[in-house]
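In what follows, a structure is listed as structure tokens, so that the remarks can point back to it.
Every chain is numbered from 1, with letters handed out A, B, ... down the list of sequences. If you're wondering where the values come from, they're calculated on a predicted model, not measured in any experiment.
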Protein chains: 2
Amino acid sequence: MTGTTSAVPSRSDAVRNRRLLLDAAAAMFAEHGVEVSIGEIAQRAGVGKGTVFRHFSSKDELLAAIMLGMLGELLDTGTALLTADDPGTALREFMAAGVELFVRDRAFCEVIGRPSLQHAEVRDAIDRLRDVAEGLTARARHQGVVRPDVTGTDVVLLLAGIQHTAAPLLVTEPQAWRRYLQLALDGITTQTGRSLPYPPPSRLPLAPADTDQAR
Amino acid sequence: MTGTTSAVPSRSDAVRNRRLLLDAAAAMFAEHGVEVSIGEIAQRAGVGKGTVFRHFSSKDELLAAIMLGMLGELLDTGTALLTADDPGTALREFMAAGVELFVRDRAFCEVIGRPSLQHAEVRDAIDRLRDVAEGLTARARHQGVVRPDVTGTDVVLLLAGIQHTAAPLLVTEPQAWRRYLQLALDGITTQTGRSLPYPPPSRLPLAPADTDQAR
DNA sequence: ACCAAAGCGGACCGCACGGTCATGTTGGGG
DNA sequence: CCCCAACATGACCGTGCGGTCCGCTTTGGT
């Protein structure tokens with residue numbers, strides 16, 4: 001389901017090394033963020049630095065391959081939940097899965113939060129994720145458990161926000177994000193006589209070009 | 001009120017250059033984050049690179065000086081609001097000021113969010129901020145407009161979270177954070193029969209040492 | 001068993017960064 | 001006006017990064 005970025009090689013040692021590399025990179029990115037060096041990843045995988053660039057044309061390509069995998073999983077989870085019985089708990093479970101993904105993977109947070117360094121495919125995946133979230137939110141809205149003016153884009157944005165709220169506590173209290181997820185859920189739940197002060201964003205901007213203008 | 005990190009120099013050209021440097025660094029850090037190079041800051045200030053290190057012993061020192069200034073302002077705002085008439089709107093205004101600070105300054109987000117690279121003085125300032133937030137929250141709680149199990153630490157954490165929620169929209173919709181601030185406020189507001197699933201964090205960890213373990 | 005092609009590895013390149021230093025310049029007290 | 005201490009400067013250094021390249025090894029078809 002997740003189209004790999006580069007073609008998968010034919011020789012046995014190559015496919016084995018590719019697996020080792022993907023696993024090592026996923027672990028290192030998750031633990032240390034996008035700043036880990038290619039050398040460290042290669043070392044962890046037990047291969048030479050050159051081998052990394054044989055399998056992935058650049059560091060960005062490697063990063064994108066892993067991010068796409070994770071986004072694909074979340075997308076599948078969300079799609080499955082679209083046909084769940086209770087729309088309210090379905091939305092809740094989707095958000096829990098999303099926040100947990102952010103919490104577990106530091107690079108994931110950094111990539112999603114800074115669209116400037118995003119691959120086109122990653123942006124597409126996020127767009128599809130937004131669609132799924134839109135569906136889940138619409139169902140919950142129809143059931144009346146969610147405010148009428150809350151959108152799927154809101155939900156996706158909140159995932160990153162909740163993770164970031166609990167981030168400083170992550171080491172000492174790894175489960176604290178559940179507290180802030182509930183807080184957010186209570187915020188988007190139907191409340192009498194309350195409205196949000198700013199119109200819902202129509203869509204995620206394609207590539208905000210970061211805040212950096214050309215130097 | 002804000003104790004500068006290094007002693008302020010005596011000669012007139014030195015004090016002028018120090019001002020230029022602080023202004024340039026503040027602008028650059030706000031716009032591009034902590035990653036801006038000393039060279040770029042010096043260029044913007046119209047001085048040589050060496051001059052930067054004459055005034056601040058390291059890049060971290062310069063960064064800390066600016067962060068302390070901003071934290072001081074927010075601290076003053078919060079302290080003033082402690083004696084405001086309506087505790088509910090006081091808390092709201094404090095949070096609005098806090099989020100706006102995050103939104104305006106990229107380096108501020110990065111420093112607050114990654115305690116590993118924090119100066120001791122910065123951590124102290126954040127602690128004092130937490131105390132002020134505790135006071136504001138307690139007042140609002142006594143008035144009954146805020147959940148009994150929401151703490152000042154929650155409020156401080158939410159500031160960063162709200163900014164991060166709206167971050168991807170910042171370029172296209174700079175005011176979107178107000179939407180998510182309201183959402184968070186609705187979340188922490190008194191609601192019948194709802195409770196948070198995770199106990200309130202007692203305090204911010206002092207220095208979570210990042211997620212990086214020694215290499 | 002052989003061999004071409006595919007894969008591997010690590011020395012190597014160019015670059016940008018934070019920080020230092022020797023040299024030249026300037027301000028302001030006497 | 002003079003002089004020296006305080007200051008400014010940019011060439012320079014060490015380091016670590018992403019990415020390249022070429023000689024060697026392994027694989028798998030014949």
Side-chain angles (χ1 to χ4, degrees), chain A residues 4-25 28-29 32-66 107 110-111 114 116-119 210 212 214-215, chain B residues 4-25 28-29 32-66 107 110-111 116-117 119 210 212 214-215:
Chain A
T4 10
T5 310
S6 343
V8 48
S10 49
R11 254 171 65 168
S12 63
D13 56 344
V15 303
R16 193 199 56 212
N17 277 341
R18 190 188 168 89
R19 256 268 68 81
L20 287 173
L21 258 167
L22 281 170
D23 291 348
M28 293 296 275
F29 279 138
H32 307 289
V34 299
E35 300 273 331
V36 280
S37 71
I38 292 287
E40 284 174 309
I41 293 173
Q43 193 175 348
R44 168 133 180 181
V47 302
K49 206 170 86 171
T51 305
V52 180
F53 290 99
R54 165 160 299 272
H55 289 279
F56 304 92
S57 60
S58 74
K59 188 183 179 180
D60 282 348
E61 209 75 29
L62 171 58
L63 184 61
I66 290 169
E110 294 166 4
V111 169
R114 208 163 318 170
S116 73
L117 44 82
Q118 272 174 210
H119 227 251
D210 220 333
D212 297 336
R215 307 205 166 167
Chain B
T4 10
T5 310
S6 345
V8 47
S10 49
R11 254 172 62 170
S12 64
D13 56 344
V15 304
R16 192 198 57 212
N17 277 341
R18 190 189 169 89
R19 256 267 69 82
L20 287 173
L21 258 166
L22 281 170
D23 291 347
M28 293 297 274
F29 279 138
H32 306 289
V34 298
E35 301 273 332
V36 279
S37 71
I38 292 287
E40 285 173 307
I41 292 173
Q43 192 175 348
R44 166 131 181 184
V47 303
K49 204 170 85 172
T51 306
V52 180
F53 290 99
R54 164 162 302 275
H55 288 279
F56 303 92
S57 59
S58 75
K59 187 182 178 181
D60 282 347
E61 210 75 29
L62 171 57
L63 184 60
I66 290 169
E110 294 167 2
V111 169
S116 74
L117 44 81
H119 228 249
D210 220 331
D212 297 336
R215 306 208 167 164

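Between His55(B) atom NE2 and dA6(D) atom P the separation is 14 Å, expressed in whole Å. When the P atom of dC17(D) is taken as reference, atom CG of Leu62(A) falls 15 Å away, rounded to whole Å. In this structure, CD1 of Ile38(A) is placed 16 Å from P of dG10(C), rounded to the nearest angstrom. As rounded to whole Å, 7 Å separates atom P of dG18(D) from atom CZ of Phe53(A). In this structure, Leu20(B) atom CG and dC7(D) atom C1' are separated by 15 Å, rounded to whole Å. Rounded to whole Å, atom P of dG27(C) lies 19 Å from atom CZ of Arg18(B). Rounded to whole Å, atom P of dA8(D) lies 18 Å from atom CD of Gln43(B).
Asp23(B) is linked by a side-chain contact (heavy atoms from CB on, under 4.5 Å) to Arg19(B), counting only residues two or more places apart in sequence or in another chain.
Distances shown here put every side-chain N or O of Ser37(B) at or beyond 4.0 Å from the OP1 or OP2 atom of dA16(C).
When each of Gly50(A) and Pro9(A) is assigned the nucleotide of DNA chain C bearing its nearest heavy atom, the one mapping closer to the 5' terminus is Pro9(A). Nearest-nucleotide positions on DNA chain D for Lys49(A) and Arg54(A) put Lys49(A) closer to the 5' end.
The shortest distance between side-chain heavy atoms of Glu61(B) and His119(B) falls below 4.5 Å.
Comparing the start and finish of the helix from dA1(C)-dT30(D) to dG30(C)-dC1(D), five pairs each, the helix axis swings through 0°, to the nearest 10 degrees.
When atom types are taken as modelled, the side chain of Glu110(A) and the backbone of Gly33(A) share no donor-acceptor pair closer than 3.5 angstrom.
Within residues 10-17 of chain A, the residues approached by DNA chain D to less than 4.0 Å at the level of any non-hydrogen atom are Arg11(A), Ser12(A), Asp13(A), in residue-number order.
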